[in-house]
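One structure below.
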There are 2 protein chains.
Amino acid sequence: MTDTAPRPTLEAVAARAGVSRATVSRVVNGSDGVRERLAERVRRAVEELGYVPNQAARSLVTKRHDAVAVVVAEPETRVFADPFFARQLRGISKELTAHDNQLVLLLTEDRDDHARVGRYLAGGHVDGALVFSLHIDDPLPELIQRAGLPTVYGGRPDGSGGRRGAVYVDSDNRGGARDAVRHLLGLGRSRVAHITGALDQTAAVDRLDGFRDVMADADPRLVVEGDFTPAGGERAMRRLLDRCPDLDAVFAGNDLMAAGALRVLREHGRRVPDDVAVVGFDDMLPIAEQTEPPLTTVRQDIEEMGRLMARLLLRDLDGTTASDGNAGGTPSAVIFPTTLIRRASA
Amino acid sequence: MTDTAPRPTLEAVAARAGVSRATVSRVVNGSDGVRERLAERVRRAVEELGYVPNQAARSLVTKRHDAVAVVVAEPETRVFADPFFARQLRGISKELTAHDNQLVLLLTEDRDDHARVGRYLAGGHVDGALVFSLHIDDPLPELIQRAGLPTVYGGRPDGSGGRRGAVYVDSDNRGGARDAVRHLLGLGRSRVAHITGALDQTAAVDRLDGFRDVMADADPRLVVEGDFTPAGGERAMRRLLDRCPDLDAVFAGNDLMAAGALRVLREHGRRVPDDVAVVGFDDMLPIAEQTEPPLTTVRQDIEEMGRLMARLLLRDLDGTTASDGNAGGTPSAVIFPTTLIRRASA
DNA sequence: GCCACGGGCGAGAGCGCTCTCGGATCACGT
DNA sequence: ACGTGATCCGAGAGCGCTCTCGCCCGTGGC
C-alpha cells in the first residue's frame, strides 16, 4: 500500500520478451524495422508487465519534454472573473493532448512570480510556452526571449520591448470595436460614449482605437477609462452620465463593464435600449445573456484561438527539431475575426 | 538564434569552480558539509555560467518530479461557464508554487480522455493528483487507485467504487442547502421549491439532501431536476410554475440556474422577492451580483479549498517520502463551511 | 610524536532510456 | 557454392544528475 511497486523498466520487458533493450525501444516508439513476430512478443511482454516508459529518462536523452507551459500573467481580476481563460485553456488543452503534449500551467500574480516563472522557463522543463494577458511593460517577454524558448502570445504583446518578431494570436479588437460603434450609429445614435478597458492592456487600447476610427471627431468627454470590471463599469457610467447627460449609446470595452453600466443606467431611470443603447465586447457567457436586457456584444472564438496558439507553437517546435528553424511559413500573427451578436440592448 | 545554446551541465560548473561534480551538487541542493570558501566559488561559477539543473536528469535518480497533476473531468458545461474552476486553480497554484511544485493540467471531456489520463497518471510523470468534478460512476478514481498515486479529490467522490479511503475536500453542501431553505422559511415562505443540479454529481445530491432535511414532508412536485445551466434553470422553473403555481420560494442548486429561474419568473410576471423569493448556491461572481435583482446565495471559499487540497496532497507526498506512509494525521475529508450571502432576491 | 577519529571532498556507479554502429542472418544473382 | 546487399537485431556508450564510499587531511588525546 505504502510503497509504490517498482515500475518495470525497458530492461525487464526486454528480458521477458527475450530481446534486447534496443528492440523493445524500437517497438515502443513505433519505429519500423522489427519483424512482426518479435514485435508481437514485445508487445505482449509490455502488456503483461504493465510497462510504461519513464519520461524523465527519455527526455534526458531526447532533450524533448513533450510539454509546454501556459503562462497566465494576471494580477487577480479579469481572468478569474470570466470564463474566457477557461475556454482558451480548453482549446489549448485539446490541441496539445491531440499531439501528446502536456500542459504545465503557470499562474502569476506579482513581480516575484515573474522571476520564478522566468527561471522555470529558462530551466528547460518545457519545449515551449504560450503566454497570456500581458500588461504593457511586463518583463516576462524579455525574460522569455532571452531564454530562447519558442513562444506564442495570446493577444498582441506590447511592442515596446523590441519584440517585433513575436508570434501572437489575437482577435480583431479594433475591427470588432468599429463594428460595434457602427452598429450603434446605424441605430440612429449620435452621442456614442466609450468605456475603455484597462489601458495597460493592448486589447483595451485596440478597442479604443477602433472606437476612434469611427468616432474621430467625438466629444472627448465621451471616452472614460474603465478597468474591465463591473464596478469599474459602474463608476465610468456614472461619470459619463454626469458629464454628458445627453448620451444615447455606450460601447463598453467588455461585457462585465457593460453589465455594470446597465445597472447604473437603470438606476438613473434610463431605459435600455430606448434611451441608451449598450454594446459590450467578448460575448462572455453566461453574463451576456443574463443581463437585463440581454447584451448586444462582439463575439470572438476563444476556444479556436486557443487551439491555434497551440498549433502554431507545436509547428514551430517541430520545425526547430526538423531542420532550419521557424522560417518555414509560420505566420508572425493571426488575427481572428469578430462577429456582432445582436441581443436586446442595442 | 535557431539553435538553443547548449545548457551548461554540472560538470561544466565543477570544472570552472575547480571542484568535483559532487560538490557542486551539494551546493546547488543546499546540503551542508561544504566549506564556505568552496561553496562561494561554486556559486560564482553557477552564476557566471547561468547554470540551471536539468530536471529530467534529477528526477531520473530521485524519482521525484515535484509536479502534481490537476485533473478536471468535465464534459463541457459547468466548469467552463463559471469562474469556480479558475478560482480553485488559483488556490492550488499558489500553494503548489510556494512549495516549488509544478502544476500539470489535464482536462478531460470524454471517455477516451479518461483512458489517456489514466495512462498518464500511471506513467509516473507526477508525484500526485488533484481530481475534480467527478461524476458518479466515473472510472477515473478506480484507475488512479490502481496506479497507487497519492490523490486528493475536490468534492466528495461517489462512494460506490469502494473508495472509502479517498481523501477529499468539499464544502458543506448539505448544510448550506439547509441554511438557504431555512432562510426562506424564516421569510415566512412555505411553498419552497428546489431546482436540483445534475444528480450524477454528489454536490447536487448533497444539496438536495439538505433541502429535504428541512422540507421533509414537502410536496414532491416542488422538486425538479436541473443540470446546473441557466437553460436548465429556465426549463425547471417553467415546469415548477406549471405544476405548482402557488409556490412562493425557490432554492436553486446553483446561481446559474437561479439566474435562469429569475428570468422565467419575470417573464411570468412574478415579482422577486415579493411574490417568489429566490436563493442560489455558489455565490458565483459576477453573475450573482448582476442578476435582477441581485441574488441571495450560499457562498463557499473556493480558493481556500483549492489551497487546502494542494496542502493535503503535498503533506501526503512528504509523508510517503519520509517514512511510514500517510497514517500520520492526514484527515480523510475536510468539509468547508458555507455562508449565506443576503442580497435582494430573498 | 603517534594513532584514532571525524569532517570535507572526489571517484565512480548507476538511474532508464535512445541511438549509433557493427555483426548476424538471409535471399538472391552468378 | 560463393559473394553481395539488404535487413534485422544487440552491444554499448552516454544523456546529466545523485549518492554512496572511501580517501585525505586536520584535529585531539595519549
Side-chain angles (χ1 to χ4, degrees), chain A residues 3-43 45-46 49-67 100 122-127 321, chain B residues 3-43 45-46 49-67 100 122-127 321:
Chain A
D3 281 308
T4 38
R7 294 207 291 134
T9 72
L10 245 206
E11 187 83 47
V13 177
R16 177 157 194 128
V19 298
S20 74
R21 282 202 317 279
T23 298
V24 178
S25 177
R26 278 187 270 257
V27 171
V28 168
N29 294 309
S31 67
D32 47 359
V34 177
R35 251 180 306 226
E36 186 48 31
R37 244 178 61 83
L38 261 199
E40 183 49 36
R41 222 161 68 208
V42 170
R43 264 179 249 123
V46 166
L49 265 44
Y51 170 75
V52 187
N54 179 319
Q55 192 61 38
R58 174 179 288 173
S59 38
L60 181 55
V61 24
T62 59
K63 269 113 174 53
R64 265 286 225 141
H65 299 85
D66 295 319
D100 276 309
H125 305 244
V126 292
D127 302 326
T321 306
Chain B
D3 280 309
T4 37
R7 294 207 289 131
T9 71
L10 245 206
E11 187 81 48
V13 177
R16 177 160 196 124
V19 298
S20 74
R21 282 201 319 277
T23 299
V24 178
S25 176
R26 277 187 271 257
V27 172
V28 169
N29 294 308
S31 68
D32 46 1
V34 177
R35 256 182 301 227
E36 187 46 32
R37 244 178 59 82
L38 260 200
E40 184 46 36
R41 222 161 68 207
V42 169
R43 263 179 250 123
V46 165
L49 265 46
Y51 169 75
V52 187
N54 178 320
Q55 192 60 39
R58 175 179 286 172
S59 42
L60 181 55
V61 22
T62 59
K63 270 112 174 51
R64 265 287 225 141
H65 300 84
D66 295 319
D100 275 310
H125 306 243
V126 292
D127 302 326
T321 306

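Numbers restart at 1 for each chain; the letters A, B, ... are given by sequence-line order, proteins then strands.
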Atom pairs, N/O to N/O, protein against nucleotides 7-9 of chain C, distance under 3.5 Å?
| from | atom 1 | to | atom 2 | distance (Å) |
| --- | --- | --- | --- | --- |
| C:dG8 | O3' | B:Arg35 | NE | 3.4 |
| C:dG8 | O3' | B:Arg35 | NH2 | 3.2 |
| C:dC9 | OP1 | B:Arg35 | NE | 3.4 |
| C:dC9 | OP2 | B:Arg35 | N | 2.7 |

Query raised in the report: Within the distance-only criterion (no hydrogens, no angle test), does the side chain of A:His65 pair as donor or acceptor with the backbone N or O of A:Ser59 below 3.5 angstrom?
Result: no

Requested in this report: For DNA chain D, find the residues of residues 49-57 of chain B with a heavy-atom distance under 4.0 Å and give them by number; none if there aren't any.
Outcome: B:Tyr51, B:Pro53, B:Asn54, B:Ala57

Requested in this report: Check B:Val13 against B:Val42 and note the closest heavy-atom contact, atom names and distance.
Outcome: CG1-O, 4.3 Å

Report task. With axes from five pairs an end, tell me the bend angle of the helix from C:dG1-D:dC30 to C:dT30-D:dA1, nearest 10°. Result -> 50°

Using a 3.5 Å cut-off and no angle test, enumerate the donor-acceptor pairs between side-chain atoms of residues 50-58 of chain A and protein atoms at least two apart in sequence or in another chain.
| from | atom 1 | to | atom 2 | distance (Å) |
| --- | --- | --- | --- | --- |
| A:Asn54 | OD1 | A:Ala56 | N | 2.8 |
| A:Asn54 | OD1 | A:Ala57 | N | 3.0 |
| A:Arg58 | NH2 | A:Asn29 | OD1 | 3.0 |

**Report entry** Leading and trailing nucleotides of DNA chain D with any atom under 4.0 Å from heavy atoms of chain B
**Finding:** D:dG16 to D:dC19

**Report entry** B:Arg26 CZ to B:Ser20 OG distance, which is reported to the nearest 0.5 Å
**Finding:** 6.0 Å

Query raised in the report: Taking the nucleotide of DNA chain C with the closest heavy atom to each, which residue, B:Arg21 or A:Val61, is nearer the 5' end?
Result: B:Arg21

Query raised in the report: CZ/B:Arg41 to CZ/B:Arg35 distance, rounded to the nearest 0.5 angstrom?
Result: 11.0 Å

Query raised in the report: Which residue, B:Ala22 or A:Thr9, contacts DNA chain C at a nucleotide closer to its 5' end, judged by nearest heavy atom?
Result: B:Ala22

Query - Minimal non-hydrogen separation, A:Arg21 against A:Leu10, with atom names - result: O-CD1, 3.8 Å

Query raised in the report: By side-chain contact (heavy atoms from CB on, under 4.5 Å), which residues pair with B:Arg16, not counting sequence neighbours?
Result: B:Ala45, B:Glu48, B:Leu49

Requested in this report: Using atom types as modelled and distance alone, determine if a side-chain donor or acceptor of A:Asp127 lies under 3.5 Å from a backbone N or O of A:Arg64.
Outcome: no

